[in-house]
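Small disclaimer: the values here were computed from a predicted structure and weren't measured.
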Amino acid sequence: MTDSAKTKLLESATGRLSALSVAQYANPYQLFSWPARAPTDWPAMSAALLPLSGHPVMATLTDEQRWSLALQEAVSFFSLNIAGERELMTGLARRIYRGRAPHLSGYLQHFLHEENAHTVVFARFCLDYGGMIYPDKQIEFPRTYAAGEEEFLFFARVLVFEEIAQYYNQQIARDGDVWRLAREINDYHASDEARHIAFGRVLIDEMWDRYSQQWSEEQRKEMGAYLGRYMSTVLRSYVNPDVYRGLDLPLSVRDEVLASAHWRSLCDQSTKHISQWLRKIGVFA
């Protein structure tokens, strides 16, 4: 597909996705019923997605501790999404109507609005049932960029983050053993994120074709390596040491989880599609 064909595809996709955003608009303040307390007979996170699953310490936990672990993992997951979407919203706000075609800026407006709506829902869950939003521990280091690189990496990071979260959203939404409210929130997020991911893939494909010809082979390899490191950082953030502190577990447990076969399998499953796609378009060697 030629560059011009990919540009036309991006224009067509943004128009179609903008129409879907309008048709599927939902008021985040009216979407869900919020009980005063989280039910203690339903976990808020799928057992198979708990990083601690399969670790010997799980056998030592009481039923109440296991319920608390699942709730805090759900709060941690939603907190991660709040942090990720905060960065995304800041970046989108800087890019709307700044030298971009109207169809692209128009969709970015929907994108920004939907991400803000997600944070409304996530924050209420975290504060109502966890009593807190886990702090964002991400550290950014200043760097210089090649022409187009900053723009490309911004949207590529967004896509990687969303594809990993989407795996969790879909698994939890389908799990009949999980608390209904948690399933509904994950299903709501998965529905919107499916559009964002579709947009991200078309945009990244178009940008890679447009800019990568200007970059040296070494620069292209470094961008792929950078995104690989970013993917690893996102995955590690899913194993939150603060969750284990809340259960009075030794912090060595986190290192053991990160080295476990269960965790490696979760990493492989949650990044399978995005890794294959980045390899297909040439970003990953």
Side-chain angles (χ1 to χ4, degrees), residues 1-26 28 31 80-81 84-85 87-93 95-97 100-119 121-122 148 151-174 184-212 223-224 227 230-231 234 269-284:
M1 189 180 293
T2 65
D3 290 355
S4 60
K6 289 189 176 182
T7 300
K8 290 178 180 178
L9 178 62
L10 177 60
E11 180 176 357
S12 172
T14 52
R16 184 174 64 257
L17 292 168
S18 290
L20 285 171
S21 288
V22 172
Q24 298 177 14
Y25 169 77
L31 272 177
L80 280 175
N81 278 272
E85 293 183 351
E87 177 188 2
L88 170 56
M89 288 188 291
T90 300
L92 289 177
R95 287 167 170 80
I96 292 176
Y97 304 115
R100 285 173 174 76
H103 64 86
L104 181 55
S105 285
Y107 183 66
L108 294 183
Q109 192 84 64
H110 290 294
F111 202 158
L112 176 60
H113 170 75
E114 288 163 359
E115 296 296 1
N116 185 58
H118 299 162
T119 63
V121 175
F122 296 153
E151 192 79 351
F152 172 78
L153 290 179
F154 169 75
F155 283 106
R157 286 197 308 270
V158 168
L159 183 61
V160 167
F161 188 94
E162 290 184 329
E163 294 244 14
I164 294 172
Q166 181 77 332
Y167 173 80
Y168 280 75
N169 289 150
Q170 292 176 337
Q171 297 301 310
I172 298 168
R174 297 168 184 159
E184 290 176 345
I185 292 174
N186 279 278
D187 187 57
Y188 155 69
H189 193 226
S191 178
D192 281 355
E193 291 304 300
R195 296 194 298 275
H196 300 173
I197 288 170
F199 165 74
R201 288 199 175 196
V202 175
L203 178 63
I204 292 302
D205 193 16
E206 192 269 347
M207 291 176 72
W208 180 255
D209 268 18
R210 179 154 44 99
Y211 289 120
S212 64
M223 288 179 210
L227 287 175
Y230 175 75
M231 187 179 292
V234 172
Q269 293 170 47
S270 60
T271 60
K272 176 182 177 181
H273 294 301
I274 183 58
S275 295
Q276 289 178 342
W277 185 79
L278 288 171
R279 192 170 293 111
K280 177 182 176 182
I281 69 169
V283 178
F284 281 175

Derivation of the side-chain contact (heavy atoms from CB on, under 4.5 Å) call for L9 and E206: CA-CA 9 Å; L9 178 62; E206 192 269 347; over 6 Å; no

Do the ring planes of Y107 and F199 sit parallel (below 30°), tilted (30 to 60°) or perpendicular (above 60°)? tilted

G15 backbone acceptor or donor facing S18 side chain under 3.5 Å: no

Using the side chain to side chain donor-acceptor pair (under 3.5 Å) rule, pick out the option among E114, H110, E163, Q166 that qualifies with H196. E114

With rounding to the nearest 0.5 angstrom, report the CG to CD distance, D192 to Q24. 7.5 Å

Determine, step by step, whether F161 and L88 satisfy the side-chain contact (heavy atoms from CB on, under 4.5 Å) criterion, reporting the C-alpha distance in whole Å, the side-chain angles of both residues, the deciding distance to 0.1 Å, and the verdict. CA-CA 10 Å; F161 188 94; L88 170 56; over 6 Å; no

Quick one: pull up OG in S191 and CG in N186 and give me the separation to the nearest 0.5 Å. 12.5 Å

So H113 and Y25, ring-ring contact (aromatic ring centres under 6.0 Å, His included) or not? Walk me through it. CA-CA 10 Å; H113 170 75; Y25 169 77; 5.5 Å; yes

Would V121 and H189 count as a side-chain contact (heavy atoms from CB on, under 4.5 Å) here? Give the steps. CA-CA 9 Å; V121 175; H189 193 226; over 6 Å; no

Does R95 make a cation-pi contact with F111, if we ask for NZ or CZ under 6.0 Å from the ring centre and within 45° of the axis? no

Check I281, D209, V160 against I204 for a side-chain contact (heavy atoms from CB on, under 4.5 Å) and give me the one that passes. I281

Distance-only, no hydrogens or angles: does the T14 side chain make a donor-acceptor pair with backbone N or O of E11 under 3.5 Å? yes

For the CG atom of L159 and the CG atom of L227, what is their distance to the nearest 0.5 Å? 9.5 Å

Does either side chain, that of H118 or that of N81, offer a donor lying less than 3.5 Å from an acceptor on the other one? no

Please work out whether the ring planes of W208 and F152 are parallel, tilted or perpendicular, with thresholds of 30° and 60°. tilted

Distance in Å, M89 CE paired with E115 CD, rounded so as to fall on 0.5 Å steps: 7.5 Å

State whether the side chain of S12 and the backbone N or O of K8 hold a donor-acceptor pair below 3.5 Å, judged by distance alone. no

When you look at V283 and W277, which way does the side-chain contact (heavy atoms from CB on, under 4.5 Å) test go after all the steps? CA-CA 9 Å; V283 178; W277 185 79; over 6 Å; no

